[in-house]
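Read the structure below first, then the notes.
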Amino acid sequence: MNVTYEHYPELHQLIERLRPEQAEEVRNHVLRLVEPQRGGLLGTVDGPDDDLGTWRTA
């Protein structure tokens, strides 16, 4: 983890306090913070290049 030392202990303690059923929600939130946003106003095509009927939004 690449955070300043002063915040590391707090983040570590918070993660350890999570209930198992919260893990996926936290993971998804963190991924949204660290991964570039995909899609645009109309969404992106998710499927074969020749199937333009398959759309999804990011």
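Not measured: the values here are computed from a predicted model.
- The line from CD of Q13 to CD1 of I15 is 11.5 Å long, rounded to the nearest 0.5 Å.
- Under the side-chain hydrogen bond (donor to acceptor under 3.5 Å, both in side chains) criterion, R27 pairs with no residue at all, not counting sequence neighbours.
- Note on residues 9-21: pairs passing salt bridge (charged side-chain N to carboxylate O under 4.0 Å, His left out), not counting sequence neighbours, are R19-E21.
- Applying the salt bridge (charged side-chain N to carboxylate O under 4.0 Å, His left out) criterion to E25, with sequence neighbours excluded, gives no partner residue.
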